Amino acid sequence: MTASLLSMQAISKSFGGVPALITASLEVQPAEVMALVGQNGAGKSTMIKILNGAYVRDSGSITFNGAPWTAGSPQQAQRAGISTIFQEINLIGYRSVAENIFLGREPRRKFGLLDWPKMNADAAALLARFDVKVDVGEPLENFSTAIQQMVAIARAVSFDAKLVIMDEPTASLTRHEVDALVRLVADLKRAGICIVFVSHRLDEVMEIAERVTVQRDGAKVGEFPAREMDDRKLATLMTGKAFAYQTCETDFMKSQTVLSVSHLTRAGQYEDISLDIRAGEIVGLTGLLGSGRTEFALSLFGMNRPTSGEVRLNGKALALKTNAQAIDESIAYVSEDRLNLGLVLEQPISSNILVTVLDKLTNGFGLVPEATRQRTARNWIEDLAIRAPKPDNAVRTLSGGNQQRVVHAKWMATQPRLLILDSPTVGVDIA
């Protein structure tokens with residue numbers, strides 16, 4: 001039998017006495033695509049961060065490329081051939097797309113001068129492998145979260161890697177971009193490169209992976225051929241529960257029209273959008289990268305003023321100039337980028353939930369009573385089943401899915417008439 005490229009055995013890790021991994025294991029063969037799946041809090045990201053040196057394991061052993069392995073830092077891991085794409089985009093917004101891809105290893109001319117034409121050309125060629133065509137000389141922050149994710153993926157695969165770890169790489173991507181990623185994974189495999197693919201999108205797991213390792217509550221449940229799995233089997237293995245799916249049809253034609261959009265346009269971003277949404281109705285909006293989905297949503301939230309057209313809420317014409325005005329009109333917006341636009345990571349979970357309704361919780365002296373603050377926060381934590389040991393813990397201590405629930409709680413607390421959800425399932429597991 002071929003020796004494994006990566007072998008992680010009996011890995012354990014605790015944070016503050018709370019176990020995140022309990023003798024977990026992961027085995028990856030040369031040129032194999034291995035999926036690592038599990039619910040939020042199953043320990044997948046902890047496993048990855050131990051491998052690449054972001055965390056130090058409490059116990060267990062790791063062998064990589066035929067030798068014992070302990071990474072002192074992600075940079076050391078990268079130099080050794082382990083390249084990681086995290087679900088959190090860790091790039092520099094004010095630097096160009098090309099600079100972000102080649103940061104720290106920019107091509108240079110004589111006397112150490114940057115070779116800008118080569119760097120831009122190489123960056124454009126690399127992104128073309130994903131069917132992404134953008135001005136690589138523009139600052140990264142000018143682009144959507146989905147484009148930024150593709151840039152992060154391009155940066156990771158540009159290294160001379162033996163193992164590429166993809167932690168939720170498709171969370172912000174549409175099917176078109178996912179198809180490009182699937183093709184790239186096949187190219188990497190043909191080049192002899194291993195992939196560890198972490199995703200909550202179980203249909204992608206079966207499409208991309210050859211084998212699947214399932215984790216639950218920090219421990220390995222088992223290892224299975226992907227061809228023998230379907231989303232229901234995987235969901236049961238991940239959660240210990242069986243899920244049934246059912247849809248029902250509802251006639252909303254007699255319901256009140258809450259939102260009416262007529263010929264809304266913002267030059268260069270979207271054009272001539274018209275739609276009606278009735279009370280209790282869920283309307284889906286989809287499109288490829290650059291189609292203007294997020295830009296349109298931000299216009300409804302007062303953050304991206306349209307150049308023409310009309311928006312009516314409950315029959316009243318709106319000309320929103322700020323998101324504060326949108327909130328006053330009972331409109332709420334859950335951003336696709338919860339880390340930068342949805343949460344204050346160092347602040348308590350309770351503060352993040354209550355920040356939108358503090359003015360409604362004040363007493364006659366303009367203060368928020370501690371009992372009111374705690375009660376309101378706990379109510380939302382219970383209602384949305386947020387797994388938070390203490391409401392005053394920093395929100396950064398939560399898993400991605402629980403962070404997303406905090407964002408939902410923050411906006412549901414405002415009791416919105418119109419709730420806009422921009423890619424709301426990013427980092428959210430099957431359960």
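For clarity, every value in this text was computed on a predicted model and none was experimentally measured.
Using a 4.0 Å cut-off between charged side-chain N and carboxylate O, R201 and D231 make no salt bridge. For the pair K118 and D122, the salt-bridge criterion is met [side-chain N within less than 4.0 Å of a carboxylate O]. Electrostatic pairing of R266 and E295 does not count as a salt bridge here, judged by no charged N lying under 4.0 Å from a carboxylate O. Ion pair E32/K189 not flagged as a salt bridge, since none of the NZ, NE, NH1 or NH2 atoms sits closer than 4.0 Å to an Asp/Glu carboxylate oxygen.
Side-chain contact check for R417 versus I331: every heavy-atom pair is 4.5 Å or farther apart. Side-chain contact between T70 and I62 is absent, with no heavy atoms from C-beta onward closer than 4.5 Å. Counting heavy atoms from C-beta outward, V134 and V132 have side chains that approach closer than 4.5 Å. In this structure, the side chains of I381 and I349 come closer than 4.5 Å at one or more pairs of heavy atoms. A heavy-atom distance below 4.5 Å is not found between the side chains of I193 and L163. Counting heavy atoms from C-beta on, the side chains of Y94 and P139 never come closer than 4.5 Å. For the pair K162 and F64, the minimum side-chain heavy-atom distance is below 4.5 Å. Here the side chains of L398 and I386 are in contact, with some heavy-atom distance below 4.5 Å.
Distance CG/L298 to CE/M303: 6.0 Å, rounded to 0.5 Å. Atoms CD1 and OG, from I101 and S96 in turn, are 8.5 Å apart once rounded to the nearest 0.5 Å. From L259, atom CG reaches atom CG of L275 across 6.0 Å, with rounding to the nearest 0.5 Å. One finds the CG atom of L140 at 5.0 Å from the CG atom of N100 (value rounded to the nearest 0.5 Å). How far CG of N52 is from CD of Q75: 9.0 Å, rounded to the nearest 0.5 Å. Put simply, CZ on R305 and OG1 on T322 are 10.0 Å apart, with the number rounded to the nearest 0.5 Å.
Listed here is the closest heavy atom pair of V261 and I273: CG1-O, 3.3 Å. G66 approaches T63 most closely through the heavy-atom pair C-CG2, 3.9 Å. Nearest heavy atoms, P169 versus V198: CD-O, 3.6 Å. Among all heavy-atom pairs drawn from R105 and R155, the shortest one is NH2-O, 3.5 Å. The two residues V221 and Q215 come nearest to each other via the heavy atoms CG2-C, 4.1 Å. Nearest heavy atoms, N352 versus V344: OD1-N, 2.8 Å.
Because its NZ or CZ atom is not both nearer than 6.0 Å to the ring centre of Y270 and within 45° of the ring axis, R293 does not count as a cation-pi partner of that residue.
With D230 contributing its side chain and K233 its backbone, the two residues share a donor-acceptor pair below 3.5 Å. One N or O on the side chain of E168 and one on the backbone of H200 form a donor-acceptor pair closer than 3.5 Å. Side-chain atoms of N402 come within 3.5 Å of backbone atoms of R387 as a donor-acceptor pair (strictly under, hydrogens ignored). Distance alone, capped at 3.5 Å, is enough to place a donor-acceptor pair between the T376 side chain and the T372 backbone. Looking at T397, its side chain never comes within 3.5 Å of a backbone N or O of N393 through a donor-acceptor pair. In this structure a side-chain-to-backbone donor-acceptor pair under 3.5 Å is missing from E106 to L114. Between the K13 side chain and the V56 main chain, a donor and an acceptor come within less than 3.5 Å of each other. A distance-only check finds no donor-acceptor pair linking the side chain of N323 to the backbone of F301 [under 3.5 Å]. Although no hydrogens or angles enter the test, the distance criterion places no donor-acceptor pair under 3.5 Å between the side chain of E99 and the main chain of R95. No donor-acceptor pair under 3.5 Å is formed between the side chain of W69 and the backbone N or O of A77.
A 6.0 Å sphere centred on NZ of K133 holds no more than 12 heavy atoms belonging to other residues, nucleotides or ligands. Few gaps surround CZ on R216; more than 12 heavy atoms of other groups in view lie less than 6.0 Å from it. Sparse packing is recorded around CZ of R227, with 12 or fewer heavy atoms of other residues, nucleotides or ligands lying under 6.0 Å away. Heavy-atom contacts from other residues, nucleotides or ligands closer than 6.0 Å to CG of L113 number more than 12. Crowding of E370 atom CD: a count of heavy atoms from other residues, nucleotides or ligands under 6.0 Å exceeding 12.
Between M8 and the options L21, L26, T213, a side-chain contact (heavy atoms from CB on, under 4.5 Å) holds for only L26.
Centroid-to-centroid, the aromatic rings of W116 and F102 stay 6.0 Å apart or farther.
Between the side chains of S12 and R57, no donor-acceptor pair of N or O atoms lies under 3.5 Å. Residues D167 and T84 bring no donor and acceptor atom of their side chains to less than 3.5 Å of each other. With no hydrogens or angles considered, a side-chain donor-acceptor pair links Q269 and N304 at under 3.5 Å. For the residue pair Q325 and E329, no side-chain donor N or O sits within less than 3.5 Å of a side-chain acceptor on the partner. A donor-acceptor contact closer than 3.5 angstrom is absent between the side chains of Q148 and D337. A donor atom on one side chain and an acceptor atom on the other are not found under 3.5 Å apart for T239 and Q39. Between the side chains of D422 and S335, no donor N or O sits under 3.5 Å from an acceptor N or O. Side-chain contact, S7 with Q9: a donor N or O sits under 3.5 Å from an acceptor N or O.
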* To do: Could you go through the side-chain contact (heavy atoms from CB on, under 4.5 Å) check for V334 and I420 one step at a time?
  => CA-CA 6 Å; V334 174; I420 305 166; over 6 Å; no

* **Step-by-step side-chain contact (heavy atoms from CB on, under 4.5 Å) determination, D58 to S14** => CA-CA 7 Å; D58 296 337; S14 294; 3.9 Å; yes

* To do: I would like to know whether R211 and F224 meet side-chain contact (heavy atoms from CB on, under 4.5 Å); could you show each step before the answer?
  => CA-CA 6 Å; R211 289 190 300 147; F224 310 92; over 6 Å; no

* **Step-by-step salt bridge (Lys or Arg N to Asp or Glu O under 4.0 Å) determination, D392 to R373** => CA-CA 11 Å; D392 288 331; R373 187 180 77 86; 3.3 Å; yes

* With side-chain contact (heavy atoms from CB on, under 4.5 Å) as the test, would you mind laying out the steps for M34 and F197 before giving the verdict? => CA-CA 6 Å; M34 168 66 79; F197 184 81; over 6 Å; no

* Before giving the answer on ring-ring contact (aromatic ring centres under 6.0 Å, His included), spell out for F15 and Y55 the whole-Å C-alpha distance, their side-chain angles and the decisive distance to 0.1 Å. => CA-CA 11 Å; F15 296 95; Y55 292 159; 5.1 Å; yes

